[in-house]
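A short write-up of the structure that comes next.
Keep in mind that the numbers below use all heavy atoms, side chains included, and drop hydrogens, waters and symmetry copies. The shown structure was predicted, so the numbers you read here are calculated from the model rather than taken from an experiment. Counting from 1, the numbers follow the sequence of the chain as shown.
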Amino acid sequence: QLRLVESGGGLVQPGGSLRLSCAASGFTLDYYDIGWFRQAPGKEREGVSCISSGGSTKYAESVKGRFIISRDNAKKTVSLEMNSLKPEDTAVYYCAARPYSDYFWCHLDEYSYWGQGTQVTVSS
């Protein structure tokens, strides 16, 4: 079974940093695009950042310059380094996967496989 497991969430003060990890199993990570999405209470799930099979990246405007996505295919992990965190970053963060194609999507409807999510709370 294709599985994704997020870790690294927690409580952090505004301006702080967290590093989220997504561990993959049951498939070869090399051939999948991976995305990070988040959902805050009362809001729709939104894209945060995605990284393609070839290493191309996309970021939501709200996190550009603060978040960095990376992948390690050998370790079958994808990370999201989050810096200068703001209260509005508070959400459940999910990683998701899709088979690579000729177009690099970073839209949740295009991602087929999802992890269980990890809570990130930014509060003083």
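Within the model, atoms CD of E88 and OG of S62 stand 8.5 Å from one another, a figure rounded to the nearest 0.5 Å. Atom-to-atom distance recorded for I34:CD1 and I51:CD1 is 9.0 Å, nearest 0.5 angstrom. Taking CD of E110 as the start and OG of S101 as the end, the distance is 8.0 Å to the nearest 0.5 Å. The NZ atom of K76 lies 11.5 Å from the SG atom of C22; values are rounded to the nearest 0.5 Å. Distance check: K64 NZ to K58 NZ gives 10.5 Å after rounding to the nearest 0.5 Å. The CD atom of Q39 sits 9.0 Å away from the CG atom of L108 when rounded to the nearest 0.5 Å.
Looking only at distances, no side-chain donor or acceptor of T28 sits under 3.5 Å from a matching main-chain atom of D30. Formation of a donor-acceptor pair under 3.5 Å by the Y93 side chain with backbone atoms of L80 is not found in this model.
A 4.5 Å side-chain heavy-atom check between P87 and S123 finds every atom pair outside the cut-off. At least one side-chain heavy atom of M82 sits less than 4.5 Å from a side-chain heavy atom of V120.
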Dump the intermediate steps for side chain to side chain contact (heavy atoms under 4.5 Å, CB included) on C50 and F104, then the final yes or no. CA-CA 9 Å; C50 296; F104 174 36; 3.7 Å; yes
E6/S21 under side chain to side chain contact (heavy atoms under 4.5 Å, CB included): CA gap, chis, key distance, verdict: CA-CA 6 Å; E6 303 93 334; S21 294; over 6 Å; no
Between T121 and V12, does the side chain to side chain contact (heavy atoms under 4.5 Å, CB included) criterion hold? Intermediate values first, please. CA-CA 6 Å; T121 302; V12 63; over 6 Å; no
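The one candidate from N83, L20, L85, T57 that meets the side chain to side chain contact (heavy atoms under 4.5 Å, CB included) condition with F67 is L85.
Ring-plane geometry between Y100 and Y31 is classed as tilted, the angle between the planes lying from 30 to 60 degrees on a 0 to 90 degree scale. Aromatic ring pairs are classed by plane angle as parallel below 30°, tilted from 30° to 60° and perpendicular above 60°; the pair Y111 and F37 is perpendicular.
The two residues Q119 and V92 have their closest heavy-atom pair at OE1-CG2, 3.3 Å. When all heavy atoms of V63 and V48 are compared, the pair lying nearest together is CG2-O, 3.6 Å. The shortest non-hydrogen separation linking D89 to R66 is OD2-NH1, 2.8 Å. Across every non-hydrogen atom of S79 and R19, the tightest pair is OG-NH2, 2.9 Å. Closest heavy-atom contact between G8 and L18: O-CD2, 3.8 Å. In this structure, R71 and L29 approach most closely via the heavy-atom pair NH2-O, 2.7 Å.
Cation-pi geometry between R45 and Y94 is met: under 6.0 angstrom from the ring centre, within 45 degrees of the axis.
Aromatic pair F27/Y113: ring centres not closer than 6.0 Å.
Enclosure of atom CG in D102 is not indicated, since only 12 or fewer non-hydrogen atoms of other residues, nucleotides or ligands lie within 6.0 angstrom.
At a threshold of 4.5 Å between side-chain heavy atoms, the hydrophobic network of Ile, Leu, Val, Met, Phe, Trp and Tyr places L2 and W36 in one connected group.
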